[in-house]
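These notes are about the structure you will find just below.
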2 protein chains.
Amino acid sequence: MPATLRDVAELAQVSVRTVSNVVSGYAHVSERMRQRVLAAIEELDYRANPVARTLRTGRTGMLALVVPEIDVPYFSELARDVIDAAAEFGYRVMIDQTGHDHERERRLLMGDDRTMLFDGILFSPLVTKSELLDMHRSEHMPLVLLGEHEFDGRFDHVAIDNVQAARDAVSHLVAAGRTRIAAIGAQPLEEYSTPLLRTAGYEAALEEAGLQARPGYATPAPHYSRTDGYEAATALMALDPRPDAIFCFSDLLAVGAMRAVFDAGLSVPEDVAVVGIDDIEEGRFARPSLSTVSLDTPFIAREAVRRIVARIDDPSVAAEEVVAPHRLVVRESTAS
Amino acid sequence: MPATLRDVAELAQVSVRTVSNVVSGYAHVSERMRQRVLAAIEELDYRANPVARTLRTGRTGMLALVVPEIDVPYFSELARDVIDAAAEFGYRVMIDQTGHDHERERRLLMGDDRTMLFDGILFSPLVTKSELLDMHRSEHMPLVLLGEHEFDGRFDHVAIDNVQAARDAVSHLVAAGRTRIAAIGAQPLEEYSTPLLRTAGYEAALEEAGLQARPGYATPAPHYSRTDGYEAATALMALDPRPDAIFCFSDLLAVGAMRAVFDAGLSVPEDVAVVGIDDIEEGRFARPSLSTVSLDTPFIAREAVRRIVARIDDPSVAAEEVVAPHRLVVRESTAS
DNA sequence: TTGTAAGCGTTATCAC
DNA sequence: GTGATAACGCTTACAA
C-alpha cells in the first residue's frame, strides 16, 4: 500500500496542507517545516498519486497522439519527436492508431469514454476537413492537427506546404530531364486532404513544364504502404508509354515502387527516376538511396506540442496555422 | 462543463447509485429505471469520467510500453501489435522511450511520480538482469519483460530462444557454404542480455561447423541502428581475410551492413551474404531482400498483454516464461 | 505561515 | 431493487 499525503502529514506532525505545499513547491513554507516534511516523504517513500491530483485539478499531464499506423516510419519518427518534445513541456504521450478506420477517428473526436484521460489531442487525420469541423467539439478537448491543411482557421494545425512540396519534387524530375512523370498516392475520394494538395502540386509542376498529364499516370494508393507502392509501380511499368519517373506521395510508397521497378527488370534511376516525400531514414540506406522532400519532423513535433500546451493553458487562444519548412534532398534515385 | 453522474441522477429522478449501476451494466436494475436513466444520459450527453473512476477503483485501464526507441522498426511494429492486443483486453497503451538511457529506465522501474497512471508496464529493457532484479518493486507495479531472457523466474517475460535463433541464422550461412562468418551486434559489456545470448548462439554454430571464431569478426554495435551496421560492416570489409558472410543481430543492422558492402564495391550475396533477425518489413523490400529470423510479433504482443492483464487481476500469480516461436526466412541476401 | 475542511466524480457499503 | 453516504488522495478556499 503506497503512502498517502495523510501518512506523511502524520509522521511529520504537520497538516496535509503543509505537506501538499512542500510537494508542489509552494513558496511560503518555513525551512524547518520543509525539512521535516521532506524527511517524512523520504522515509515513507511517498509519491503523489497523479490520479487524485488530476481529479482535483482537471489536468492529466498526458497528450494523445493519434496516427493511422504507428509502424509507418514517418509516424514512428514523428512519434519519437513528439514524445521528446512533450517531455520538455512536462507531458507524456499516449499513442493511438486508427488503422485507417474512419469510424475510430470519429469516436476519438466525438470523445469516447476515455477521452478525458488526456489534456489534448495531436491528431494526424485521414478524414476530410468538413467532417472534422462537424465532429470535433473543441470546447471539450484541445486539438492540434498534424499534416493536414485547413483553411478556415478553426483549428490549430502544423503542416508543410503540401502543394509546394509536391511541386518541388516534380520540378526536380523535370530538371533531371524526365518527361513522362507518373504519380503514386493520389486519393480521388478524399477532399481537402494531403493527397489532394500533393496532386495539385504535381499537376501544377507538370503544367509549368509544359508537360501533359497522361491518362493512368496518377495512381491511387489506399494506405501509403510499401505494398501499395509496389503494386502501383508494377501497373505503371506496364503502361505504354512507360513513365520515366515516378513521384511518390510518401517515401514508403517510393521504397515499394523502386522494388517494383527492379522486379520489372528495369533500373532506378536509369530507366525510371523515383522521388518521395518524408525523408525517412530507410530511404537514406536504400539502394539506390532515395531522393525526397525532407520534412522537419522535430520542428513539426515541437510546434504541435507548443500549440497544444498553449491551448490547454488557455482554451480561448486564437488558432494558429504553422507552416513547417521542407527542402528537396537529391540522392541516387534521381541522378541524371 | 461535462455532465456528471449527479446531473443524470437529478434529471432522471433517481439516485446516483442507480445511474452508476446502469452505466456499469449492473444486473439488478429494473427496466423502467434503466430506460429513464438511459434517456437522461442521452439528453445530457453524459460520459463517465475515467479519472474519478480510476481514483475509486485503482485501475486506469492503461498500460505503459517502454522501449529504447519507438522509431526503430522492430519496436514500432511491436508497438502496433501491442496496441491492438491491449485494445482487445480493454486497455490503452502509453508509449515511453528510454533513448538508450539507463538512468531513465531506472527511474521508470523505481516508479517515478507518474507511474501510478498505468496498471502495468511492458518493458523492453536495456539493462542487465541483476540491475533489474534490484530495481523493480514488483509489489507496486505489474511488469512483463519483452525480449529479455531471465532465468530465476521472478518476472514474467516473453522472448524468443535467442541462442537458438542466432544458431539457426549462422547455421544457414554455413549451409550456404560460407566459412568466414562475422557478426555485428555483440555487446561485451552487458550480462545476461539479448546480445550475449545471440553471441553464444553464433559461437555455438561456428563450433558445430568446425569453424574458427576469427579475431575482429565479432563486432559491437551500441544502438542496433542502420548507422551502427554500416560502420561495423565497413570495418569488417577492410579485414584480412575478408568475411564472406555477416550475421547481424537485428535487421536494421543488416540494412546498414548491406549498404556498407555495396559502398565498398562488393555485392550481396555474391561476395558477402547477410542475414538479420526480426523480419521487419523493410527487409522484405530491400535490395537484395534480406534473409532473416522471423519473430512472431503478434504472438509476442498478445502473450505479453495476456500476462500483464493476468497479473493486474491477480498480482500473486506465478511468473511465466513464454518462449515465442521463430523461424528462418531465406531471401536474396543469402542466396547461394 | 499553517490547519481545517470542502469538494473533484466515481464506486461500494450499508440500510431499507 | 434502490437510496443515502462514505471513501479514493489530492488541492485549495477559508480560517486561525
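Chain letters run A, B, ... following the sequence lines, proteins first and then strands; every chain starts at 1.
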At under 4.0 Å between heavy atoms, what does A:Thr18 touch on the DNA or RNA strands: base, sugar-phosphate, or nothing? sugar-phosphate

Using a cut-off of 4.0 Å on non-hydrogen atoms, how would the nucleic acid contact of A:Val51 be classed: base, sugar-phosphate, or nothing? nothing

Going 5' to 3' along DNA chain D, which are the first and last nucleotides with any atom under 4.0 Å from a heavy atom of chain A? D:dG9 to D:dC14

Which pairs of donor and acceptor atoms, one on a side chain in residues 65-74 of chain A, lie under 3.5 Å apart (sequence neighbours left out)?
{"from": "A:Glu69", "atom 1": "OE2", "to": "A:His100", "atom 2": "NE2", "distance (Å)": "3.4"}
{"from": "A:Asp71", "atom 1": "OD1", "to": "B:Arg80", "atom 2": "NH1", "distance (Å)": "3.0"}
{"from": "A:Asp71", "atom 1": "OD2", "to": "B:Arg80", "atom 2": "NH1", "distance (Å)": "3.3"}

Checking A:Asn21 against A:Arg17 for the side-chain hydrogen bond (donor to acceptor under 3.5 Å, both in side chains) test, could you report, in this order, the C-alpha distance in whole Å, the side-chain angles of both residues, the deciding distance, and whether it holds? CA-CA 6 Å; A:Asn21 281 345; A:Arg17 168 67 204 259; 3.2 Å; yes

Does [Y] offer a backbone N or O that forms a donor-acceptor pair with the side chain of [X] under 3.5 Å?
| X | Y | answer |
| --- | --- | --- |
| B:Asp156 | B:Val144 | no |
| A:Thr297 | A:Leu78 | no |
| A:Ser20 | A:Val16 | no |
| B:Arg92 | B:Met62 | no |
| B:Arg302 | B:Ala85 | no |

Salt-bridge present (B:Glu320, B:Arg311; N to O < 4.0 Å): no

Kindly calculate the angle separating the two end axes of the helix from C:dT1-D:dA16 to C:dC16-D:dG1, each obtained from five base pairs, and round it to 10 degrees. 40°

Along DNA chain C, first and last positions that approach a heavy atom of chain A under 4.0 Å: C:dT1 to C:dG9

Just list the side-chain donor-acceptor pairs under 3.5 Å for residues 2-9 of chain B, sequence neighbours left out, or say none.
{"from": "B:Thr4", "atom 1": "OG1", "to": "B:Arg6", "atom 2": "N", "distance (Å)": "3.1"}
{"from": "B:Thr4", "atom 1": "OG1", "to": "B:Asp7", "atom 2": "N", "distance (Å)": "3.3"}
{"from": "B:Asp7", "atom 1": "OD2", "to": "B:Thr4", "atom 2": "N", "distance (Å)": "2.9"}

DNA chain D: B:Thr57 or B:Ser15, which has the more 5' nearest nucleotide? B:Ser15

Find which nucleotide of DNA chain D each of B:Arg17 and B:Arg56 is nearest to by heavy atoms, and output the residue with the more 5' nucleotide. B:Arg17

Could you note down all residue pairs passing salt bridge (Lys or Arg N to Asp or Glu O under 4.0 Å) where residues 56-65 of chain A supplies at least one of them, sequence neighbours left out? A:Arg59-A:Asp313

